[in-house]
Amino acid sequence: MTDLVTWAELGGSLAAIGGAAYARHAHPAAYWSTVGLPVSVARLLASYSSTMDACGLTVEPSRWRGLAVKATTRREIRPVPPRRGMIRPTSTGLRLRLRLAPGQEPADVAASAERLRHAWGVHAVYVRDVKPGVVELRLVGFDVLRKVRMPRRTVSRPLQVPVALREDATAFVRDYRAVPHELVLGATLSGKSMFLRSLIAALAAQSVALVGIDCKRGVELAPFAPRLSGLATDPEQAAELLPVLVKEMEERYDLIKARQGIAPGTPDEEITSDIWGLPEDELPAPIVLFVDEVAELFLVATRKEEERRDEMVTQLIRLAQLGRAAGIYLEVCGQRFGAELGKGATMLRAQLTGRVCHRVNDEASAKMALGDIAPEAVYAACSIAAELPGLAVVGDTSGGWSRIRTPYLSLAEAAATCRETAHLAPDVPALTPFRPYVPSVPVKEPKPVAAPAPVTE
């Protein structure tokens, strides 16, 4: 009987271990909430002081504290770790704040992030500067980019939309007010179209004029036609659309200058240098221009096409240089973007502050997007695996970068969102000739119901 009980206990233990291993692989969020979180908290509490000492994050105590320890406990005076705040569990990890000791800086903690990750048994540790003398540690319990689940609390503000998940489990917010223009690169099947699709679907719910240039005959942007204020599907149409946008930009500058020319003595808050300082009744709708496969605008075969290309590139550069103050923003997408495309390509790229690089076919393409930001970002982009579509490295010209992944959004869902929000498209008279034709959806008539057969006795 004792042997049976022992074997039953052993079988139950093996089943529990196997279930935990399966949950860790198949359902990492559930495993973290039930097993990983308590274990990591116990490790952190038990080894906090020794771990900080091993990482070189401790300092000698103050003289008064040393005298107090000698007078009360007669213990050996040991280095003091940063003061730890309350541990706050999350669905993906932990958060806690550290008050740095005099002489320490956030870079000291960031340099030890990999050591802290191994010591506390978590997937990654990220350091954020909260205020002078205080940093926040964000511990991520599992790989959140393997199966993307956007945070529940994501706030969408005008021209600020969450479109992807960062590797630290926070939302990547595309903020056009802070980063007006962006370059999105990626090879075929890398997830570049998914990023663009999610961005359009998120902006569709706002009062923003969406304009597209899709030289692949509109196969990428045509499904969103009900919400688009303008669409060009070949270089000829793009050559007609871009001058209209430049003229619209110039008219908005005239509106701003007219506002600046008001009488002396006007309060400073009523004087503006961009459209966002205009009164509500004079504020024009912001415009976001999506350019898919930008290389198609640069490719030429004849002398006449070369002249047209030069004009379009000049207009794109003007929009990139001057469009922000007029409320016109660019989202330029392509598989490759560099000086080999032709005159003006490098100058246009220099105006695109934001950079998103998906999986690319060669290192040179990653350097085009991220080489002027950080070498580490280039290496991270080159290491993206083909079986992880939607994974990308995002950065800007400030030097910061991180990994993101776009959640899956089907084309049908994005198109349905654009149909439902078609009434939110603002009226921009200059773009009326370029508004895409949207055929009416046929209404299916209900099938006639057959009359019941007569009942015979």
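Quick caveat: nothing in here was measured; it's all calculated off a predicted structure.
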If I compare all heavy atoms of [X] with all of [Y], which pair ends up nearest, and what's the gap?
X	Y	value
Leu221	Leu228	O-CD1, 3.6 Å
Arg177	Tyr329	CD-OH, 4.0 Å
Leu330	Leu316	CD1-O, 3.9 Å
Phe142	Thr92	CE2-CA, 3.8 Å
Leu348	Leu352	O-CG, 3.4 Å

Ion pair present between [X] and [Y], side-chain N to carboxylate O less than 4.0 angstrom?
X	Y	answer
Glu250	Arg318	yes
Glu293	Lys192	yes
Asp175	Arg157	no
Glu182	Arg174	yes

More than 12 non-hydrogen atoms from neighbouring residues, nucleotides or ligands closer than 6.0 Å to CG on Leu189, yes or no? no
Enclosure of Arg88 CZ (heavy-atom neighbours >12, cutoff 6.0 Å): yes
Are Thr406 and Val148 packed together at the side-chain level, in the sense that at least one heavy-atom pair is separated by less than 4.5 angstrom? no
Validate the cation-pi geometry between Arg309 and Phe298: distance from NZ or CZ to the six-membered ring centre under 6.0 Å, angle to the ring axis within 45°. no
Verdict with supporting geometry, Asp214 and Val291, side chain to side chain contact (heavy atoms under 4.5 Å, CB included): CA-CA 6 Å; Asp214 182 6; Val291 182; over 6 Å; no
Value rounded to 0.5 Å, distance of CZ in Arg138 from CD in Glu136: 5.5 Å
State whether a side-chain donor-acceptor pair under 3.5 Å links Ser365 with Arg336. yes
Under a plain distance cut-off of 3.5 Å, with no hydrogens placed, do Glu363 and Tyr379 share a side-chain donor-acceptor pair? no
Could you go through Ser402 and Arg166, starting from their C-alpha distance and side-chain angles, then the distance that decides it, and tell me whether this counts as side-chain hydrogen bond (donor to acceptor under 3.5 Å, both in side chains)? CA-CA 7 Å; Ser402 63; Arg166 292 184 183 270; 2.5 Å; yes
Kindly say whether Thr188 contributes a backbone atom to a donor-acceptor pair with the side chain of Arg359 at under 3.5 angstrom? yes
Could you tell me whether the side chain of Arg227 and the main chain of Ala204 form a donor-acceptor pair under 3.5 Å? yes
Parallel, tilted or perpendicular: which describes the rings of Phe195 and His358, with under 30° parallel and over 60° perpendicular? perpendicular
